[in-house]
Amino acid sequence: MPTQQPTLGDCIESLRLHIRSLQRTGLRFDMINRCPAPADQASRPARLAALREKSTDCTGCRLCRERTSVVFGEGNADARLMFVGGAPDNASDAQGRPFAGPSGELLTRIIGAINLRRDQVYVTTAVKCLAPQGDPGKESVEACLPFLHRQIEIIQPEIICTLGPVAARALQEPGSPDAPLRGNMYRMGTIPVMPTHHPELLLRRPELKNETWIDVQVIQRELGSHTQRKQ
Ligand code: SF4
């Protein structure tokens, strides 16, 4: 007996039943495009999350011994402006967030002074663990720098503002003879870096706030000129 050829309608119905049975297994068809992308094609938040994960149990330097948490950084993964401090303070160590204490409140006000919100920028530190004596030391900065470099590579900010001398030195070209001075912009590759005072210093010496105000105005102008160039 000759077998009857299925009609187009039969094929559609059979496909529909097949899809239903797959759906009952939990498979969703929008998952097809969600196979893990190669690292460089993943989204910025995903790449930052993977890097954060890698940092959580880091024992790359002596600072791992006394930390409560690795303070990786937070903010907008697409930020145009990135702030980099030296090392987390006690409040940050306790909360696992950079600039969490009074110096963080001042930083939030500084960011607001150039018409940005903290969730529009990215905030991190040169070393990710509490430095109990204040200065993390050259060895810890060097050990931790790959995390910061990778954060910068992922976020690709248009400008970086370093807060205090530890961060300013950390992003300098290796072998540079002089430490960067506050207010003197330099470059890390193609990215302009503006060093300014650490908010903690500003809390102790409010008379220096005016200098930081001048520095962040330069940053604001730089961001404005980038926007104009993009238009
Ligand atoms: Fe690792 Fe950086 Fe913490 Fe040192 S400071 S233990 S290198 S995360």
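All residue numbers refer to positions in the sequence shown, counting from 1. In listed order, ligands and their atoms are each counted from 1.
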Here the pair of heavy atoms bringing Gly137 nearest to Asp135 is N-OD1, 2.9 Å
Every N, O or S from the protein that is nearer than 2.8 Å to atom 3 (Fe) of ligand 1:
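Only Cys129 SG fall inside 2.8 Å of atom 3 (Fe) of ligand 1.
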Please list, one pair per line, the donor and acceptor atoms closer than 3.5 Å that link side chains of residues 169-180 to other protein atoms, with sequence neighbours excluded.
from	atom 1	to	atom 2	distance (Å)
Gln172	NE2	Asp178	O	2.4
Ser176	OG	Glu173	O	2.7

Lys/Arg N to Asp/Glu carboxylate O, Glu105 vs Arg109, below 4.0 Å:
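Result for this pair is no, no salt bridge flagged.
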Around atom CD of Glu211, are there more than 12 heavy atoms from other residues, nucleotides or ligands closer than 6.0 Å?
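It does: Glu211 CD has more than 12 such atoms within range.
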Please report, to 0.1 Å, the donor-acceptor pairs under 3.5 Å made by any side chain of residues 90-101, with sequence neighbours excluded.
from	atom 1	to	atom 2	distance (Å)
Ser92	OG	Asp89	OD1	3.1
Ser92	OG	Arg97	O	2.9
Ser92	OG	Phe99	N	3.1
Ser92	OG	Ala100	N	3.3
Asp93	OD1	Thr68	N	2.8
Asp93	OD1	Ser69	N	3.2
Asp93	OD2	Thr68	N	3.3
Asp93	OD2	Thr68	OG1	2.7
Arg97	NE	Glu74	OE1	2.9
Arg97	NE	Glu74	OE2	3.4
Arg97	NH2	Glu74	OE2	2.7

List for me each residue that meets side chain to side chain donor-acceptor pair (under 3.5 Å) alongside Asp78, sequence neighbours excluded, and say none if there are none.
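With sequence neighbours excluded, Asp78 shows a side chain to side chain donor-acceptor pair (under 3.5 Å) to Arg44, given in chain and number order.
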